[in-house]
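One structure is given here, and the rest of the page talks about it.
Remember, predicted model here, so these are calculated numbers, not experimental data. Chain identifiers are assigned alphabetically (A, B, ...) following the order of the sequence lines, protein sequences preceding nucleic acid strands; residue numbering begins at 1 within each chain.
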4 protein chains.
Amino acid sequence: MARAAELHRERGEKTESVVTAGVTADQLRSFVERIERLEEEKKALAEDIKEVYAEAKSEGFDTKIMRQVIRIRKMNEADLQEQEELIDVYKRALGMLPDVED
Amino acid sequence: MARAAELHRERGEKTESVVTAGVTADQLRSFVERIERLEEEKKALAEDIKEVYAEAKSEGFDTKIMRQVIRIRKMNEADLQEQEELIDVYKRALGMLPDVED
Amino acid sequence: MARAAELHRERGEKTESVVTAGVTADQLRSFVERIERLEEEKKALAEDIKEVYAEAKSEGFDTKIMRQVIRIRKMNEADLQEQEELIDVYKRALGMLPDVED
Amino acid sequence: MARAAELHRERGEKTESVVTAGVTADQLRSFVERIERLEEEKKALAEDIKEVYAEAKSEGFDTKIMRQVIRIRKMNEADLQEQEELIDVYKRALGMLPDVED
DNA sequence: TAAGCATTGTCACCCC
DNA sequence: GGGGTGACAATGCTTA
């Protein structure tokens with residue numbers, strides 16, 4: 001049984017072990033603190049990104065366009081065209097592509 | 001004039017300087033690469049966070065509840081209480097709570 | 001065999017029937033169009049909802065609170081209470097609430 | 001003053017008018033009910049869409065691919081290529097497009 | 001039942 | 001400051 005089940009026990013159930021409950025609370029606290037720490041770092045990075053945009057803007061660049069370019073580069077790299085062929089089959093069936101000769 | 005203006009010149013305008021344009025492109029490339037690098041790090045952190053939640057889940061913790069608790073911890077205590085009170089006001093107006101005497 | 005299988009045939013396979021393929025394409029087109037029509041209606045409703053919120057906001061209501069209250073109204077009363085209790089359990093484990101005697 | 005402000009009055013403030021408060025509550029209730037009604041309709045449409053997919057699936061179509069096709073059709077129609085030219089300028093600066101002669 | 005995916009809602013940023 | 005837009009998180013559905 002996962003130890004966290006201890007936290008979820010129905011009221012009125014007998015506590016199995018004070019020690020176990022303590023461990024569980026410590027474990028939960030550890031998870032929460034790890035998450036909160038990671039979120040802080042993530043937030044700091046978001047601020048760094050904002051600063052770079054601000055710097056670019058102060059140099060005269062259009063940040064809106066920059067964002068679009070970055071988004072497009074991301075899409076290209078993700079290369080969503082897996083299953084491309086089957087999609088084409090359906091598109092053809094819908095008249096979205098010219099018919100081909102088999 | 002900010003050097004980025006070079007990129008925005010109308011077609012047909014005379015290019016002021018090939019050298020200047022090259023510098024501007026380099027500068028833009030630099031900004032974009034810095035941003036993309038920071039975003040990668042940010043994404044990696046997001047994945048780390050997901051992993052911690054997954055680990056907590058495998059230990060039997062309820063991640064939905066964990067998220068709510070973490071959100072609550074983030075909020076200012078005063079704001080939190082004010083929000084709770086306002087919810088009650090609205091509930092009361094909707095007959096979801098018994099009326100109270102002021 | 002379901003008729004759609006016609007679309008999935010391997011290249012080089014002999015086409016069973018041009019007539020069948022045409023029917024299948026029509027059928028697919030029909031499905032797609034029905035879905036797109038329904039999605040349009042759904043989108044229109046989403047916009048209506050947004051408008052109601054905007055109107056409420058212009059009358060001075062706090063839409064964030066409204067959203068929370070509506071979410072609460074949607075939830076099963078029992079589930080809601082169970083969730084609240086679980087949040088308290090977690091808060092207590094994290095020292096955000098005083099300990100209680102069982 | 002927007003009438004909803006009545007609901008938000010600080011504790012201890014004198015109630016301006018019981019009648020006004022009643023009207024405000026009615027108004028809130030009206031907004032909430034309108035929203036809930038619209039959400040029900042929206043939910044019903046979502047179920048209709050699900051049913052169409054289920055029917056298509058039972059005819060042998062691959063619903064995952066269908067979803068992709070529908071998404072692509074939506075994107076095409078949205079025609080995000082506004083500001084396309086300026087984006088090209090930036091892409092060129094980043095070496096994502098071949099250089100052109102002005 | 002869990003994991004991935006798709007949608008939906010929330011939040012923050014940006015511009016007006 | 002407020003409204004609109006876009007990113008992000010979170011929940012619910014689908015499938016394996």
- prompt: Expressed in angstrom and rounded to an integer, what is the separation of C/Gln83 atom CD from F/dA10 atom C1'?
  reply: 13 Å
- request: Whole angstrom is fine here: how far is it from CD1 in D/Ile65 over to C1' in F/dT15?
  value: 14 Å
message: With a 4.0 Å cut-off on N to O distance, would you call A/Arg37 and A/Glu33 a salt bridge?
response: no
- line: When rounded to whole Å, the CE to C1' distance for the pair D/Met66 and F/dC13 reads 17 Å
message: What's the separation between atom CE in B/Met96 and atom CZ in D/Arg29, rounded to the nearest 0.5 Å?
response: 11.5 Å
field: Separation between CD of B/Gln68 and CD of C/Glu84, rounded to the nearest 0.5 Å
entry: 7.5 Å
- prompt: Any donor and acceptor pair, going by atom type alone, linking the side chain of B/Tyr53 with main-chain N or O of A/Ile35 inside 3.5 Å?
  reply: no
- line: Contacts of C/Glu36 meeting side chain to side chain contact (heavy atoms under 4.5 Å, CB included) (sequence neighbours excluded), chain-then-number -> C/Val32, D/Ile70, D/Arg73
query: Taking atom P of F/dA10 as reference, at what distance in whole Å does atom CG of B/Asp62 sit?
result: 13 Å
- prompt: Roughly how many Å is it from CG in B/Leu45 to P in F/dC8, rounded to a whole number?
  reply: 13 Å
Nucleotide-resolved protein contact map, nucleotides 7-16 of chain E, B/S/- at heavy-atom distance under 4.0 Å: -SSSS-SSS-
message: The criterion is ring pair (Phe, Tyr, Trp, His ring centres under 6.0 Å); which residues satisfy it with A/Phe31, sequence neighbours excluded?
response: B/Phe61
- line: Atom CD1 of B/Ile72 and atom P of F/dA10 are separated, to the nearest Å, by 13 Å
